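Keep in mind it's a predicted model, so treat the numbers as computed, not measured. Start at 1 and go down the list; that is how both ligands and their atoms are numbered. Counting from 1, the numbers follow the sequence of the chain as shown.
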Amino acid sequence: MLIRRPDAIKPSEITPDSVYLRRREFVKAGVAMLAGATGLVSAGSVEAQGRGKKLAGARMSNFSTMEKANSYKEITSYNNYYEFGTDKSDPASYAQKLKTRPWTVLVDGEVKRPKRFDIEELLKLPLEERIYRLRCVEAWSMVIPWVGFELKQLIQQVEPTGKAKFVEFVTVLQPESMPGVRAPVLDWPYVEALRMDEAMHPLTLLAVGLYGETLPKQNGAPIRLVVPWKYGFKSAKSIVRIRFVEKQPKTAWVKAASNEYGFYSNVNPDVDHPRWSQATERRIGQDGFFSPRRKTLMFNGYADQVARLYTGMDLRKFY
Ligand SMILES: Nc1nc2c(c(=O)[nH]1)N[C@H]1C(S)=C(S)[C@@H](COP(=O)(O)O)O[C@H]1N2
Ligand SMILES: [Mo]
């Protein structure tokens with residue numbers, strides 16, 4: 001599923017989706033040079049649309065899918081971010097009140113060099129564009145051109161101790177700007193976690209942008225996790241703390257309904273959710289109500305890269 005892509009094209013040069021998608025077609029045809037020189041990109045239009053700040057210098061990653069990306073509009077108007085409400089349109093409507101500056105990410109726990117990172121410092125790390133599928137547990141999916149860096153890069157800076165077996169992600173809780181947290185849908189703040197080897201895997205991304213611009217608030221500004229082989233809820237938004245621990249953390253969804261949501265939550269077409277099948281999915285914006293549903297792939301299509309992490313584990317038991 002993963003195809004090598006040329007490194008020469010900078011997503012930071014991108015403005016409207018149409019140009020962006022057309023360029024991807026050029027890349028596919030192997031005329032990357034031509035695409036870089038089309039001159040179709042105009043710097044002003046991003047600001048005109050009230051979008052994020054451009055992220056300069058992100059290089060195209062080898063780990064991207066060649067599937068057609070969803071439009072900026074689809075990616076930013078159909079969201080799950082329960083702190084702002086449970087409807088898909090709530091995050092776009094209400095997340096604009098989220099305060100994303102000043103912002104720090106505390107990295108601590110079982111590490112030799114705990115550190116509080118300022119978001120501006122993280123935005124200066126070498127960034128990559130990663131076009132990943134995001135498969136929600138609710139059986140829909142999207143293809144999103146993220147901009148970010150490997151979580152591993154941050155982990156190496158703090159030097160985990162031998163006791164660090166899991167990594168917990170704590171997300172922001174701003175009750176004054178989050179209408180959804182008045183309801184006890186989840187035990188706020190939203191917490192997720194990964195096993196250490198999952199966190200160190202090169203596919204595990206800390207995203208700070210999409211479509212070559214800083215992250216919109218509804219998508220988890222200013223920094224969120226993206227774990228492409230797991231159901232979307234593992235990809236915690238608006239992270240404020242990354243904590244290394246010895247014991248498997250209690251995550252928000254496991255606390256809410258452990259019979260429905262497991263700690264691992266690897267995309268698995270063979271293990272159904274108790275209330276619906278996970279065998280197929282609907283691609284937002286591309287599959288109509290009457291189109292045939294797409295087959296969901298094991299580990300969301302990333303089996304070649306991640307299946308070895310689970311050798312010997314019964315994935316029906318560790319769902
Ligand atoms: N803090 C927080 N992070 C979250 C969620 C949430 O409700 N709160 N929802 C998760 C779910 S269920 C999904 S499918 C993805 C959706 O990401 P997107 O809206 O950027 O596509 O975010 C995940 N991260
Ligand atoms: Mo989800």
Side-chain angles (χ1 to χ4, degrees), residues 52 69-96 98 100 103 105 130-148 168-175 177-194 204-211 213-242 251-257 260-262 265-267 273 275-276 278 281-285 296 300:
N70 279 93
S71 70
Y72 186 86
K73 182 136 192 249
E74 286 157 359
I75 296 167
T76 58
S77 57
Y78 189 92
N79 302 99
N80 272 337
Y81 197 160
Y82 276 19
E83 289 88 327
F84 296 101
T86 54
D87 283 357
K88 300 290 174 255
S89 59
D90 285 341
S93 305
Y94 304 118
Q96 308 320 315
L98 181 75
T100 58
W103 194 280
V105 181
R130 296 275 180 102
I131 307 170
Y132 280 165
R133 287 176 293 281
L134 186 134
R135 169 57 160 82
C136 181
V137 72
E138 295 157 12
W140 51 264
S141 63
M142 285 203 221
V143 175
I144 305 179
W146 301 108
V147 179
E168 180 186 75
F169 304 87
V170 184
T171 72
V172 75
L173 181 56
Q174 281 177 21
S177 54
M178 294 176 152
V181 304
R182 280 179 235 139
V185 184
L186 292 170
D187 185 8
W188 316 108
Y190 191 104
V191 168
E192 260 307 336
L194 296 171
T204 303
L205 200 71
L206 277 174
V208 294
L210 64 84
Y211 267 118
E213 303 165 7
T214 53
L215 276 181
K217 293 179 178 178
Q218 57 269 43
N219 294 91
I223 185 162
R224 56 97 49 91
L225 191 64
V226 185
V227 193
W229 72 94
K230 292 179 181 280
Y231 292 120
F233 67 84
K234 296 299 284 184
S235 294
K237 293 178 171 179
S238 308
I239 293 167
V240 292
R241 187 175 184 189
I242 299 175
T251 59
W253 282 105
V254 170
K255 279 199 242 177
E260 301 193 358
Y261 310 104
S265 289
N266 292 315
V267 174
H273 185 279
R275 290 182 281 136
W276 59 81
Q278 291 291 22
E281 66 197 60
R282 192 171 61 86
R283 181 67 47 83
I284 297 303
T296 289
N300 201 22

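- When only modelled atom types and interatomic distance are considered, K88 and N80 share a side-chain donor-acceptor pair under 3.5 Å.
- One side chain, Q218 or Q96, offers a donor N or O that lies under 3.5 Å from an acceptor on the other.
- Between atom 2 (C) of ligand 1 and the options Y82, Y190, W140, the minimum heavy-atom separation is to Y190.
- The closest approach between a heavy atom of M142 and any atom of ligand 1 is not below 4.0 Å.
- Of all heavy-atom pairs spanning F84 and P91, the tightest one is CB-CA, 4.0 Å.
- No side-chain donor from either of S141 and R133 sits under 3.5 Å from a side-chain acceptor of the other.
- Of all the atoms in ligand 1, the ones that sit under 4.0 Å from a non-hydrogen atom of N219 are 18 (P), 20 (O).
- Residue-environment remark: OH (Y94) stays at or below the threshold of 12 foreign heavy atoms within 6.0 Å.
- Given atom 3 (N) of ligand 1, the protein heavy atom at minimum distance is K237 N, 3.1 Å.
- Atom 15 (C) of ligand 1 has as its closest protein heavy atom G232 O, 3.6 Å.
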Worked verdict on Y82 versus W188 for side-chain hydrogen bond (donor to acceptor under 3.5 Å, both in side chains): CA-CA 10 Å; Y82 276 19; W188 316 108; over 6 Å; no
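- When heavy-atom distances to ligand 1 are checked against a 4.0 Å cut-off, T171 comes that close only through its side chain, counted from C-beta outward.
- Contacts between K234 and ligand 1 below 4.0 angstrom, taking non-hydrogen atoms only, are absent altogether.
- No side-chain heavy atom of I223 sits under 4.5 Å from any side-chain heavy atom of V240.
- Taking only non-hydrogen atoms, the option from P189, C136, S235 nearest to atom 14 (S) of ligand 1 is C136.
- In this comparison of R224, E83, K88, Q218, the heavy atom closest to atom 20 (O) of ligand 1 sits on R224.
- For the pair W146 and ligand 1, the shortest N or O to N or O distance does not fall below 3.5 Å.
- Not a single heavy atom of G220 sits under 4.0 Å from any atom of ligand 1.
- Residue N80 holds the heavy atom nearest to atom 9 (N) of ligand 1 of all those in N80, I144, I284, V226.
- Contact check on E192 versus R224 returns no salt bridge, with no Lys/Arg side-chain nitrogen under 4.0 Å from an Asp/Glu carboxylate oxygen.
- When non-hydrogen atoms are compared, ligand 1 lies under 4.0 Å from neither the backbone nor the side chain of E138.
- Residues Y190 and S238 fail the side-chain proximity criterion, which asks for heavy atoms closer than 4.5 Å.
- Considering both main-chain and side-chain atoms, N79 comes within under 3.5 Å of ligand 1 through a nitrogen or oxygen pair.
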